[in-house]
Amino acid sequence: MARKRSSTADDHQERFEFPRGWLARFRRELVRWYAAQARPLPWRASRDPYAIWISEVMLQQTTVAAVVPYFERFLARFPTVQSLAEAPEQELLRVWEGLGYYSRARNLQRAARTIVAPEAEGGLAGQFPQTVEGWIALPGIGRYTAGAIVGFAFDMPAPIVEANTLRLYARLMGYADDPRSARGQRLLWDFAERIVPQESPGQFNQALMELGSLVCRPVDPDCRDCPVNSCCRALAEGTQAEIPMAAKRPVITDLVEHAVVIERDDSCLLWRWNPGERWAGLWDFARFGAEHLPAAESASRTDLAEAVRKALGLAVEIGDCFHELTHGVTRYRIRLRAWRARPLSDGTKTAKNRTPLTSTRETLWVPIAELGDYPLSVSARKVATVLTKRSRGLFDKAW
DNA sequence: GAATCGTGGCC
DNA sequence: TGGCCAAGATT
């Protein structure tokens with residue numbers, strides 16, 4: 001790739017060198033294209049920093065299609081930073097349920113509380129940060145998100161690099177090495193910084209991502225109809241299919257767990273994932289890893305009952321497997337089988353709804369009709385849906 | 001730098 | 001259908 005070193009000996013900065021006329025042409029053609037092709041996404045209709053902040057956090061590692069309904073529900077339920085700051089965590093997680101990466105929701109609320117807190121308490125007295133540095137100081141906001149927010153909300157010229165622009169820049173530069181390495185990141189951010197115009201930088205950044213998303217796609221990029229194909233080094237060299245270099249992906253291993261739906265009257269037992277656990281803050285049916293159970297695949301009822309007794313101090317009678325779920329998680333493929341169980345005795349007597357147990361997790365008996373009020377893991381929600389239908393007589397399939 | 005954190009859609 | 005991908009941040 002084209003690069004140059006500055007003349008000073010102690011400056012080892014390397015950067016992509018723009019060919020003559022490149023930048024003006026690139027900006028002009030991109031802006032022209034975006035004016036005609038921009039999708040009307042909900043957050044593009046707003047310049048409210050709060051709404052833009054929420055959308056950007058939701059969009060972290062999440063597809064546009066998945067975010068749209070969550071974004072609209074979230075703003076309806078928490079229309080202001082004050083309402084978010086004051087929300088019970090359970091309600092917040094209930095709105096976030098199914099979106100994944102739940103620490104995003106908790107960080108969002110931590111940041112909201114910082115924003116509304118008085119200055120005397122280290123807060124921002126209800127004012128949003130006005131700079132990239134100010135936004136980065138808030139939890140859950142990194143360099144990309146901060147740049148995106150100040151660009152879209154305040155029309156400030158800040159560089160952005162995320163999945164779409166990483167791919168776009170790497171191809172424009174013809175950068176065949178790893179764009180995720182430290183060196184690659186330096187080059188990309190430097191590139192991003194130099195292409196952002198002073199005029200309408202927010203729109204320009206939107207246009208960059210839109211082009212990356214719709215035209216400069218990961219597979220089968222539409223170079224023929226690309227408005228800046230004359231600016232693209234990868235296309236000139238025919239390397240657009242090899243750039244950017246593929247990311248290393250973690251090995252996925254199978255993890256089989258058994259979820260036990262313990263019923264008593266019209267209620268069932270939930271436990272809550274602890275801080276630091278995978279679904280921290282969410283409720284779930286008790287799960288038991290198959291690796292701890294002999295004859296796991298056949299999952300003898302005796303083994304499950306014993307696991308429940310040990311973990312929850314609850315003697316149960318295990319019934320049938322009623323549901324099987326498979327879903328991919330970052331590093332595991334979980335096969336979750338849910339079994340029904342009826343408690344024979346809980347061994348102790350304490351407060352009405354609490355189950356006292358040896359479990360290190362909080363547990364709770366929840367009426368099946370009220371399962372909708374609790375934030376559940378996705379797999380637990382699927383099981384809960386089955387239970388709810390059954391309790392309404394809508395689901396007749398026997399256990 | 002590497003690992004971790006979720007889920008759904010697509011081919 | 002299994003691998004790849006998604007408006008990243010945090011530790």
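Computed from heavy atoms alone, side chains included, the values below leave out hydrogens, waters and symmetry copies. Small disclaimer: the values here were computed from a predicted structure and weren't measured. In what follows, every chain begins at residue 1, and chains take the letters A, B, ... in the order their sequences are listed.
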- Think A/Trp273 has a side-chain N or O under 4.0 angstrom from the OP1 or OP2 of B/dG6? no
- Query: side-chain hydrogen bond (donor to acceptor under 3.5 Å, both in side chains) with A/Gln185: which residues, sequence neighbours excluded?
  - Reply: A/Trp189
- Would you mind checking if A/Asp190 and A/Arg186 are paired as a salt bridge, meaning a charged N to carboxylate O distance below 4.0 Å? no
- Message: Rounding to an integer number of Å, can you tell me how far A/Trp96 CH2 sits from B/dT7 P?
- Response: 13 Å
- Item | Value in whole Å for how far the C1' atom of C/dT1 lies from CG of A/Asp254 | 13 Å
- Query: Reckon A/Gly98 touches a base, only the sugar-phosphate, or nothing at all at heavy-atom distances under 4.0 Å?
  - Reply: sugar-phosphate
- Say you pick atom C1' in B/dA3 and the same atom in C/dA7; how far apart are they, in whole Å? 22 Å
- Query: For A/Leu255 and B/dG6, what is the distance between atoms CG and P respectively, to the nearest whole Å?
  - Reply: 14 Å
- Item | Length of the line joining A/Lys382:NZ and B/dG6:P, which is rounded to integer Å | 15 Å
- For A/Glu97 and B/dT7, give me the distance from atom CD to atom C1', rounded to whole Å. 12 Å
- Message: Between A/Glu362 and A/Trp283, do the side chains contain a donor N or O and an acceptor N or O under 3.5 Å apart?
- Response: no
- Between the side chains of A/Tyr102 and A/Glu97, is a donor N or O closer than 3.5 angstrom to an acceptor N or O? no
- Protein-proximity profile, nucleotides 6-11 of chain C, B/S/- by nucleotide at the 4.0 Å heavy-atom cutoff, equals BBBSS-
- For A/Arg143, side-chain hydrogen bond (donor to acceptor under 3.5 Å, both in side chains) partners two or more places apart: none
- Atom-to-atom span, CG of A/Leu325 to P of B/dG8 - whole angstrom: 11 Å
- Item | A/Gly276 vs A/Lys248, nearer the 5' end of DNA chain B by closest nucleotide | A/Lys248
- To the nearest angstrom, the CZ-P distance between A/Arg381 and B/dG6 comes to 17 Å
- Task: Apply salt bridge (charged side-chain N to carboxylate O under 4.0 Å, His left out) to the pair A/Glu29 and A/Arg25, showing each step before the final yes or no.
- Result: CA-CA 6 Å; A/Glu29 295 306 323; A/Arg25 185 169 79 252; over 6 Å; no
- When rounded to whole Å, the CZ to P distance for the pair A/Arg180 and C/dC4 reads 12 Å
- Message: Do A/Arg47 and A/Phe152 form a cation-pi contact, if we require the NZ or CZ to be under 6.0 Å from the six-membered ring centre and within 45 degrees of the ring's axis?
- Response: no
- Sugar-phosphate only, base, or nothing, as touched by A/Ala182 at under 4.0 Å among non-hydrogen atoms: sugar-phosphate
